[in-house]
Amino acid sequence: MTAAVRHVAIVGRDARADALFAFVQPDHVSPRCQVRVVAWWAGGALPEDATSLAVASLADLLKTPELDLVYVGGAAAQDPAVVRAVAASGIEAVVFAPVAGDPDDVAMLRVTTELRASLAGAQGFEALARGDVGEVLAVYVGVRVPADADGAGAALRRWLATALDLAATATGALPVRTYARSGRLLGGERDHLQLLLRFADDAIATLDLLVLPAGSAVAEVDVEVTGREGLLRLKPLAHQVVATSFAVPGATERRGWHPEAVRVLVDDLLAVPADASRVAPRGFAALARWTTDLEARLTEADEVVFEP
Amino acid sequence: MSGPERPVGVGLIGCGSIAATAHVPALQRAAGLARLVIASDVDAGAAERLATPMGAAWTTELARVVEHPEVELVILATPEFGHRAQTEAAAAAGKHVLCEKPMAPSLEDADAMIAACERAGVHLTVGHSRRATTRYALARDLVRAGRIGELRLFRENERRARAPVGQEGLYWSRRHWTGDPARSVGVALTNAIHETDLFGWFLGSEPRSVFAETRVTRVDGVVPDFISITATFANGAVAAAEVNNSAPPGYPGYHQLELVGTVGRITAHDLDQQALTLYRDDGASAPDVFQRLLRFDDAYLSQLVQMLRAVRGGGAPAVDPRDARQALQIALAAVASAASGRPVALGGAA
């Protein structure tokens, strides 16, 4: 059976967009479907071999014939006007959290996270959906990742959205009490966020997010979801090639080989578009509202406690 | 191993689990330095079973231990609700005291214990044995050597296995003191007191604010057996811990220690150091190596020997009782925070 060719357009530019384009170069054939990038609007430079895909405006991109999916990345995902236009187009759109914009617009998009789009994370969410651990008692998410080109703040926001999505999905609700503390532990920029969340059924989520200096050799995400019938442990960044020097004691280089999240997403999402476990339900808008509220409170104080 | 010139006479109060699995083995290994003279327990059978193989006398009466002329050091291997009375009795009789953690159920009791021992001129120490456990001692040595720069974040997560579904475990059940709300405030003092002591020991600073959430995970429980706690300190560092007593049977993740400094990070995670895994057709299992490892670690022996030396005038005990009081202060603040849903300020904080 020959799978249909899926037409994808890219709005904005980030590492995932570049990886998506590279993944679906004309000579690539995905195991389950064929994917083609047919248009790209970034408001700036595109990869050299993608310039033929450039369109003049977002409006032009959204008018592209037979468009199956739009990926929104980079600064575009933080532009409410872009988010609104994509949401209004009715075209299936995927974006990685966090997303800026009116929550009702965000609700029209398929919002995913680093964890959902990872191989282990996707299977973990499936296990939770099946009820493999039973009633969830506690969630722990520990993130220790280096800052990237966007800085510690951007990484912190990205992993906050990821961790909150996991906690909310595992417990099936938003917290009834939130404690949050942000701080500057290792440098001048805010790099640490701790949250203790209490849910209506007494589930407690502990989120401890720390962005390390850029270039740090550490990249770890540790997730434990404890239920009455089991415990799910996730280490989505565990796949690493480790090189240890004999000549320089203690010198170790680690390189992750886990697939780019967007590649996993494309491979699975477009082949099985109705698979709800791959992306957050439309209720992600509620989480977006909650996150916006939290971030606003943390601009006023380093430590907050609040109930909705 | 050098030590006191003649064995220190020891009286043991409490012949339950921790006495049998930790203190008695330590006493046996320190046979030339200490001698168990007498042991007591409200359960006569427990006292006799523990004391007789050691060649010691046994009793059900506290007074017979603290007033025994050959006893110089009293070890309290009892729940915290008895520690004040037991310490005051021992101090009044001129006996030094090695008290199991947690020090006391209240700061008032802790202060009374410290005062009683100071008045009597006897040593008081509290059995925060993790300080002498190899992984923590090694980690602290690395921190003090500056390997990770200034310590900014301490985290320790604990996971203990619950009883299998359909079975009932002893701990946290209502028939055990840990699960009796009249005698226990729960996980903050039963388990997390280890972590709150490590907070101060590693950070070397005073706590300023504590926030915690607790819950009951046991279906028939009434005392919290789960806690997540975070605290800030005067030097700007942050300490946090999560104690989870609901891991599935066989889950190998007992302790997960992490220290983050300005130039590096130290971890000692059981989950990453699983030394033995058995794979069979019916699945994989990870025997509880770390629990057994504790039995071979020198922690309890080390703290005992240091106390024995102190009794003979050779230095201070391993844990200053004021450090133990701070650990208790943080743990009790966590209890209060969990009850109120608000952070609790400590020390000089507003």
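In what follows, every chain begins at residue 1, and chains take the letters A, B, ... in the order their sequences are listed.
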task = Tell me, with the steps shown, if B:Gln256 and A:Tyr140 meet side chain to side chain donor-acceptor pair (under 3.5 Å).
result = CA-CA 12 Å; B:Gln256 330 296 342; A:Tyr140 175 77; over 6 Å; no
Heavy-atom side-chain contact between [X] and [Y] under 4.5 Å:
{"X": "B:Val219", "Y": "A:Arg228", "value": "yes"}
{"X": "A:Leu137", "Y": "B:Phe226", "value": "no"}
{"X": "B:Thr230", "Y": "A:Glu303", "value": "no"}

message = At a heavy-atom distance under 4.5 Å, which candidate from B:Arg152, B:Arg159, B:Arg215 has the highest pair count against chain A?
response =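 If we count pairs closer than 4.5 Å to chain A, B:Arg215 comes out on top.
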Could you check which of [options] has the highest count of heavy-atom pairs closer than 4.5 Å to chain B?
{"options": "A:His192, A:Arg184, A:Arg233", "value": "A:Arg233"}
{"options": "A:Val133, A:Asp222, A:Leu197, A:Asp208", "value": "A:Asp208"}
{"options": "A:Glu224, A:Lys235, A:Glu135", "value": "A:Glu224"}

key: Any donor-acceptor N/O pair, B:Arg265 side chain to A:Val218 backbone, under 3.5 Å   =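 Such a contact is absent between B:Arg265 side chain and A:Val218 backbone.
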Any donor-acceptor N/O pair, A:Arg144 side chain to B:Val260 backbone, under 3.5 Å =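 Flag not set: sc A:Arg144 to bb B:Val260 has no pair under 3.5 Å.
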query = Rounded to the nearest 0.5 Å, what separation is found between the CG atom of B:Leu153 and the CG atom of A:Leu186?
reply =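 Rounded to the nearest 0.5 Å, the CG-CG separation comes out at 8.5 Å.
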key: Charged tip of B:Arg342 within 45° of A:Tyr179 ring normal and under 6.0 Å   =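 Output no; distance or angle outside limits.
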